[in-house]
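To find a chain, count down the sequence lines: A is the first, B the second, and so on, and within it residues start at 1.
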Number of protein chains: 2
Amino acid sequence: MFDFKIYGHKNMTDKYRHLHIKLTPQRLAIFKFMEGNKSHPSAEAIFSAVKKQYPTMSFATVYNTLDALKNKGGIRELKIDSVKKRYDPDLTPHHHMICVTCHQIFDLFADIEVSITDELIQGFKIHDKNIEITGLCRNCQ
Amino acid sequence: MFDFKIYGHKNMTDKYRHLHIKLTPQRLAIFKFMEGNKSHPSAEAIFSAVKKQYPTMSFATVYNTLDALKNKGGIRELKIDSVKKRYDPDLTPHHHMICVTCHQIFDLFADIEVSITDELIQGFKIHDKNIEITGLCRNCQ
DNA sequence: CTATCTGCAAACGTTTTGCATCTGT
DNA sequence: ACAGATGCAAAACGTTTGCAGATAG
């Protein structure tokens with residue numbers, strides 16, 4: 001989930017110590033579930049998955065953890081789904097393709113040319129550019 | 001809101017007849033409010049505005065009308081705001097810039113080069129490409 | 001030790017729904 | 001006439017919050 005290989009982590013706890021948040025077992029389970037997860041899960045999906053291991057897991061803990069991760073720059077919150085928030089542990093610059101039929105989300109690691117004239121942006125200071133592509137995935141065509 | 005000037009509309013009702021939905025006074029009030037509206041209003045904003053004229057206006061009617069419009073291609077539903085849906089009557093291709101401080105939404109009518117190799121899109125058939133830019137607007141810098 | 005986290009339940013804001021009544025066509 | 005819209009209130013849904021007890025550091 002985070003590229004800290006340079007630290008040579010001994011274990012799970014060491015691996016996430018840099019976040020400077022309390023590393024509870026519940027949180028570590030969430031980190032583990034998110035690590036390398038390409039499904040862009042919702043809070044509900046994360047909750048369901050981690051609840052198997054921690055039957056007392058609550059939404060408060062899931063949202064609390066996701067919020068902490070988001071604030072520490074550990075995950076991205078996606079607005080791809082108008083119904084619920086989705087989370088992406090992949091922080092490398094990429095975009096998303098959403099199938100209008102099966103609603104699956106596909107990563108797109110294309111380097112996209114976004115050339116905008118100063119005149120058009122009305123003095124807006126750009127932090128981030130994000131491209132959302134809608135259409136039909138191979139299966140649904 | 002719709003570019004049907006070629007029909008030479010006599011009045012409000014004629015203007016929207018092509019939608020093939022019942023043109024109630026409430027709906028016409030919503031159409032009028034949306035026409036040329038650059039504020040990307042939420043359902044609540046539309047409701048509040050139109051309620052002044054129709055005190056009995058309900059959310060059911062607002063959502064019903066927005067849904068009909070969306071399905072007939074009369075408006076676009078935006079996913080820019082993760083809390084609530086926003087609606088845009090402008091159907092000409094354009095993108096959005098969202099200020100992270102004041103949360104205002106600005107239109108961006110730039111023609112953006114999105115060149116993607118066939119290999120990267122995994123057979124995905126693209127219908128639409130949408131760019132969301134986040135940053136600071138001139139006022140908030 | 002104590003600042004922070006967990007888990008529960010209740011509250012919240014947005015959107016959807018059921019249904020009786022009404023109305024545009 | 002009648003398919004479809006309105007308006008109300010209730011429900012549904014995802015998310016947030018308050019708080020008492022627990023725990024990581």
V100(B) reachable from I80(B) in the ILVMFWY side-chain graph, under 4.5 Å edges: no

Look at the side-chain N and O atoms of Y63(B) and state whether any lies under 4.0 Å from the OP1 or OP2 oxygen of dT16(C). no

If you look at every heavy atom in L136(A) and C99(A), which pair is closest and at what distance? CA-SG, 4.1 Å

Could you pull out the closest heavy-atom pair between S39(B) and R86(B), with the gap in Å? O-NH1, 3.9 Å

Can a side chain N or O of T61(B) be found less than 4.0 Å away from OP1 or OP2 on dG7(D)? yes

Would you find a donor on one side and an acceptor on the other, under 3.5 Å apart, between the side chain of R27(B) and the backbone of T65(B)? no

Membership question, hydrophobic clusters at under 4.5 Å side-chain separation (ILVMFWY): are L78(B) and I75(B) in the same one? no

Once ring-ring contact (aromatic ring centres under 6.0 Å, His included) is applied, do any residues pair with H94(A), and if so which ones, sequence neighbours excluded? H96(A), F109(A)

CG of D14(A) to CE of M12(A), rounded to nearest 0.5 Å, is 11.5 Å

Gap between atoms NZ and P, on K70(A) and dT16(D) respectively (whole Å): 7 Å

Euclidean distance, H18(A) NE2 relative to H20(A) NE2, rounded to 0.5 Å: 8.0 Å

Closest non-hydrogen contact found for Y87(B) with L66(B) is CE1-CD1, 3.5 Å

Please say yes or no: joined through hydrophobic side-chain contacts below 4.5 Å, possibly via intermediate residues, are L108(B) and I105(B) part of one cluster? no

Taking all non-hydrogen atoms of both residues, which atom of G123(A) and which atom of Q141(B) are closest, and how far apart? O-NE2, 2.5 Å

Heavy-atom closest pair (M97(A) atom, D107(A) atom, distance to 0.1 Å) is CE-O, 4.1 Å

Figure out the OH/P separation between Y87(A) and dG14(D), and round it to whole Å. 12 Å

Of residues 78-86 of chain B, the positions that come close to DNA chain C - non-hydrogen atoms, cut-off under 4.0 Å: V83(B), K84(B), K85(B)

Hydrophobic clustering (ILVMFWY, side-chain heavy atoms < 4.5 Å, transitive) - are F59(A) and L69(A) grouped together? yes

Can you tell me how far the NE2 atom of H95(B) sits from the CD atom of E132(B), to the nearest 0.5 Å? 12.0 Å

Rounded to whole Å, how long is the line connecting atom CZ of F31(A) with atom P of dA24(D)? 14 Å

Taking atom C1' of dT16(D) as reference, at what distance in whole Å does atom CG of D67(A) sit? 10 Å

Specify the angle, to 10°, made by the local axes at the two ends of the helix from dC1(C)-dG25(D) to dT25(C)-dA1(D) when five pairs are taken at each end. 40°

Nearest-Å distance, CZ (F59(A)) to P (dT15(D))? 8 Å

Taking atom P of dA5(D) as reference, at what distance in whole Å does atom CG of L66(B) sit? 14 Å

Polar atom pairs (N or O), protein with nucleotides 19-21 of chain D, under 3.5 Å:
none

With the criterion being N/O to N/O and under 3.5 Å, what pairs connect the protein with nucleotides 22-25 of chain C, and how long is each?
{"residue": "dT23(C)", "atom": "O2", "partner": "K22(B)", "partner atom": "NZ", "Å": "3.4"}
{"residue": "dT25(C)", "atom": "OP1", "partner": "L23(B)", "partner atom": "N", "Å": "3.2"}

Please give, in whole Å, the distance from dG4(D) C1' to H20(B) NE2? 16 Å

Heavy atoms from other residues, nucleotides or ligands near NZ of K70(B) exceed 12 (cutoff 6.0 Å): yes

Can you tell which of dT17(D), dT15(D), dT15(C) lies closest to the side chain of A60(A)? dT17(D)

Heavy-atom contacts under 4.0 Å between residues 50-58 of chain A and DNA chain C, which residues? T56(A), M57(A), S58(A)

For atom CD of E44(B) and atom P of dT16(C), their distance in whole Å: 15 Å

Search all heavy atoms of P89(A) against all heavy atoms of G36(A) and return the closest pair with its distance. CG-N, 4.4 Å

